[in-house]
Amino acid sequence: MFAIRNVTEDIVYVGVEDRRLHLFENLFPLDRGVTYNSYLIRDEKTALLDTCDATVMPQFFANVDAALGGRKLDYLIVNHMEPDHCALIEEIFRRFPGVTLVGNVKTFQMISQFFSLAIPEAQRITVKEGEELSLGKRILSFVMAPMVHWPEVMFTYDRTEGILFTADAFGVFGCNNGNLFTSELDYRAKDFVDDARRYYANIVGKYGLQTQAVLKKAKNMEIHMICPLHGPIWREEDIPFILSLYDKWSRYEAEERAVAVFYNSVYGNTESVVNSLMMLLGSKGICNSKVYDVSKTDISVMIGEMFRASHLIFAATTYNNGLFPKMEYLLSDMRALAVQNRKYAILENGTWAPQSGKLLKETLDSLKNMEQIGESLTIKSATFHQEALETLAECITASLRA
Ligand code: FEO
């Protein structure tokens, strides 16, 4: 059974929606599933852009066969070698033995690492930045996008129709449910933007500089449509929305002047002080604050929130003379994903030797362009100075309004 849809007259979407996967990359929870996008161009020559995850093989090949309609496959263009897209390359060669694979030098290196596939020289085209491939009436050119998300990543630009195939960039977690284009779904809705941000922050977030570099290249192209490897296809009128978010995220600029709190609390005392602080902030008119218990919240959600909010508050207990393990994990992921350019405040708790404030500060100060707001507040078990908490709330409010 196939499930395909035309993107344009000559381009067919042959990707697959996966609602069965619980954890993307065996790490990130998927509440709305995920899509593995793949596109078939039918010109005088046919070209398939990327494959799909191995788990959706039957659906993928039903789609490809239906879109080909009995024609042979001339080219397989590989924009990204992560297995959620490249897993079926070997199977493509089994089914279409005459196919020519188009990639860059790094693509072919990775193919030899992932597969024991001997591709004859005559069936390889190694492309560099700006090189072109004619399919007949349309010409494709290739744009290198290293480290957006892996080093071999490239974009394919269909110059004839102004369509940019962007690998992982501009991807979103979640299934499209047949609404293939952004014009068919509420892409400005909070849930959708949360999924787009969580995807960017956790998958590409570390590579802001490289994302900026490719955004600069995109400025010189006439783009009518963006076709990523996950999520919906961005229509021309919707492209400025996602481009502006990508520009912010990749410059590590907060989307909102708002507070996001990340706390751990073993017996509820630290949480109680966080609640008092949030009431103080609320009464001062601070809106849209978010509070996350690190013990219960998936780390990818919290990292996503750090790309949204300008002010991050950390409240942590001292645990084995160090940090609570889940708080430590959050901080190490922040470092790995290059979270930076934020204001932060600290609340620490310790019954006999509070250490968490010092450890939080050391880690946060080791990140780029982080600035502490006010003094760290110390809680001893369930005891703290109300005046110090109020001063901290005033400092946070003043900073948010600055
Ligand atoms: Fe969707 Fe980097 O793979």
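Both ligands and their constituent atoms are indexed starting at 1 by order of listing.
- Between Lys358 and Glu348 no salt bridge is recorded (no basic side-chain N to carboxylate O distance below 4.0 Å).
- Looking at Asp84, its N, O or S atom nearest to atom 1 (Fe) of ligand 1 turns out to be OD2.
- Of the listed residues (Trp234, Tyr39, Phe155), just one forms a ring-ring contact (aromatic ring centres under 6.0 Å, His included) with Phe165, and that residue is Tyr39.
- Taking 2.8 Å as the threshold, His149 counts as a candidate ligand of atom 2 (Fe) of ligand 1, since one of its N, O or S atoms lies below it.
- Between Tyr292 and Phe262, the two ring planes are parallel [angle under 30°; tilted spans 30° to 60°].
- For atom 1 (Fe) of ligand 1, the set of nearby N, O or S atoms under 2.8 Å includes none belonging to Glu82.
- Open room surrounds CZ on Phe2; 12 or fewer heavy atoms of other groups in view lie less than 6.0 Å from it.
- At a cut-off of 2.8 Å, Asp168 coordinates atom 2 (Fe) of ligand 1 through an N, O or S atom.
- At a cut-off of 2.8 Å, His230 is counted among the residues with an N, O or S atom near atom 1 (Fe) of ligand 1.
- Ion pairing between a basic and an acidic side chain is recognised when a charged N comes within 4.0 Å of a carboxylate O; Lys248 and Glu255 show no such pairing.
- Within His85, the N, O or S atom at minimum distance from atom 1 (Fe) of ligand 1 carries the name NE2.
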